There are 2 protein chains.
Amino acid sequence: MNARVRGEERRAEIVRAALEVIAERGYRGASLAAVAERVGLTQQGLMHHFPTKDALLVAVLQERDRWDAVPDSRWRVDLLAALVEYNAMRPGIVQTFSALLGESVTDDHPARAFFSERYTRVRASMAEMLRSEYGDRLPNGLTPERTAPLLVAVMDGLQYQWLLDPASVDMPGAFRDFLRLLGERPD
Amino acid sequence: MNARVRGEERRAEIVRAALEVIAERGYRGASLAAVAERVGLTQQGLMHHFPTKDALLVAVLQERDRWDAVPDSRWRVDLLAALVEYNAMRPGIVQTFSALLGESVTDDHPARAFFSERYTRVRASMAEMLRSEYGDRLPNGLTPERTAPLLVAVMDGLQYQWLLDPASVDMPGAFRDFLRLLGERPD
DNA sequence: AACGAAACCTACCAGTCGACAGGTGACCGA
DNA sequence: TCGGTCACCTGTCGACTGGTAGGTTTCGTT
């Protein structure tokens with residue numbers, strides 16, 4: 001069993017390194033050799049754990065899934081603001097998945113289906129959260145279903161502006177501004 | 001002079017082809033050979049017009065600059081909505097620059113400075129537009145300067161959701177929803 | 001002590017990449 | 001008609017890509 005643990009630890013190390021390299025170069029630009037070197041392996045040593053480059057990407061995306069797999073019903077608007085604040089302290093992770101999202105809109109990208117399904121899921125989750133928070137009508141008159149895409153868009157869009165120019169963009173502050181836009185909370 | 005015209009037409013053809021290939025593969029994935037083939041040239045023939053790959057990218061970005069170089073003062077919120085509607089009819093262009101934006105957040109990307117400066121410029125332009133439309137305070141209490149990043153973020157974020165799943169995301173509609181969020185227009 | 005699997009290696013491979021060198025033909029102004 | 005510039009070509013290069021084949025070492029289990 002020690003062997004199994006050691007193997008899984010190695011896999012985790014590799015995924016961590018892959019996150020870094022993807023942040024720096026994107027997925028297409030991330031070579032297996034570069035990832036391998038970062039964990040002190042040869043490219044072929046890495047391919048013992050992940051038989052193809054796509055297999056490694058799948059592991060990276062699963063890592064993301066594990067990250068935001070918080071029970072939907074527990075989400076609240078103020079927790080979302082806290083998440084944005086947390087993200088602002090991890091530029092690396094944000095950069096990885098912003099780069100990946102950008103690439104995914106190109107044809108036949110291996111991460112396309114992942115992101116497509118993820119957004120469908122996240123929008124539904126956000127709508128549910130908004131409904132439990134505000135009811136069927138937000139203070140501004142919109143429905144939760146029509147607000148959810150905007151909420152998601154603001155989060156993503158702010159990330160790009162912030163990554164490109166962290167000094168000029170106060171990502172958490174701007175997000176709180178948007179929440180205020182949604183309507184005063186019924187505290 | 002006929003020669004000069006012919007040369008510039010060729011260059012324009014190449015840039016157009018590059019826009020397509022970048023939309024399909026991203027900048028890193030767009031090979032000069034693929035672009036060249038699309039205009040019926042060899043890779044070396046293309047490099048007669050653009051000595052390096054980066055030179056081609058510069059031309060592509062200048063094309064974009066020319067696109068949205070509309071006099072700031074003439075922008076109005078409703079024109080912005082019309083722009084989004086127009087974009088919804090050109091998935092290709094949207095895909096090109098969404099892919100480019102995504103890549104640009106990676107380290108040392110040749111388009112990084114372009115996007116960084118562009119967003120600074122666009123935010124200022126949007127703030128100016130909002131001020132001329134609403135005054136120093138929006139109906140919801142925010143200032144134009146704090147609203148501008150949100151406006152830009154919504155436009156970009158919606159594009160990604162729309163590109164990934166055009167059937168589920170009504171980009172122009174969602175954008176109009178956001179405008180309504182900003183406050184009823186003082187018609 | 002023997003065995004098997006897991007971990008990792010060296011050695012290759014064919015293909016692709018951007019770029020450089022140098023040539024050829026067409027057109028154009030003098 | 002001549003000289004030159006422009007538009008393109010063929011040929012070639014070294015670096016790198018992901019992937020395959022086939023070893024060797026390490027180590028826990030029996």
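These numbers were taken from a predicted model, which means no experiment stands behind them. Lettering of chains follows the sequences in order, A, B, ..., and the numbering in each one begins at 1.
Under 4.0 angstrom from either OP1 or OP2 of dC6(D) there lies no side-chain N or O belonging to His49(B). For dT17(D), neither phosphate oxygen OP1 nor OP2 lies less than 4.0 angstrom from any side-chain nitrogen or oxygen of Arg28(A). For the pair His48(B) and dC8(D), the criterion of a side-chain N or O lying under 4.0 Å from OP1 or OP2 is not met. Between Arg10(B) and the phosphate of dC6(D), there is no side-chain N or O to OP1/OP2 separation shorter than 4.0 Å.
Among the candidates Val35(B), Leu19(B), Val60(B), the single residue satisfying the side-chain contact (heavy atoms from CB on, under 4.5 Å) test with Ile14(B) is Val35(B).
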Apply side chain to side chain contact (heavy atoms under 4.5 Å, CB included) to Phe50(B) and Leu32(B), showing your working. CA-CA 10 Å; Phe50(B) 299 95; Leu32(B) 294 176; over 6 Å; no
Stepwise, does the salt bridge (Lys or Arg N to Asp or Glu O under 4.0 Å) test hold for Arg38(B) with Glu13(B)? CA-CA 9 Å; Arg38(B) 207 160 292 212; Glu13(B) 275 183 60; over 6 Å; no
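Among the atoms of the strands shown, none is found under 4.0 Å from any heavy atom of Leu46(A). Within 4.0 Å of Ala30(B), counting heavy atoms only, lie sugar-phosphate atoms of the nucleic acid but no base atom.
Taking atom CZ of residue Arg25(A) and atom P of nucleotide dC16(D), one finds them 10 Å apart after rounding to whole Å. Met47(B) has its CE atom 12 Å from the P atom of dA21(C), to the nearest Å. Regarding Glu37(A), its CD atom lies at a distance of 16 Å from the C1' atom of dC9(C), rounded to whole Å. Counting to the nearest Å, the P atom of dG19(D) and the CD atom of Gln43(A) are 8 Å from each other. A straight line from CD of Glu9(A) to P of dA6(C) spans 17 Å, rounded to a whole angstrom. The separation between Glu8(A) atom CD and dA7(C) atom C1' is 14 Å, rounded to whole Å. Summarising the geometry, the separation between NZ on Lys53(A) and C1' on dT20(D) is reported as 18 Å, rounded to the nearest angstrom.
Out of dA6(C), dG18(D), dG18(C), the shortest distance to the side chain of Leu32(A) is found at dG18(D). The side chain of Gln44(A) lies closest to dC9(C) when the candidates are dA7(D), dG18(C), dC9(C). Taking the side chain of Thr42(B) as heavy atoms from C-beta on, and the options dT10(D), dC12(C), dA6(C), the nearest nucleotide is dT10(D). Closest to the side chain of Ser31(A), from the set dC12(C), dG18(D), dC8(C), is dG18(D).
A donor-acceptor contact shorter than 3.5 Å links the side chain of Glu103(B) to the backbone of Tyr27(B).
Using the six-membered ring where Trp is involved, Tyr160(B) and Tyr160(A) have ring planes that are parallel, under 30° apart on the 30 and 60° scheme.
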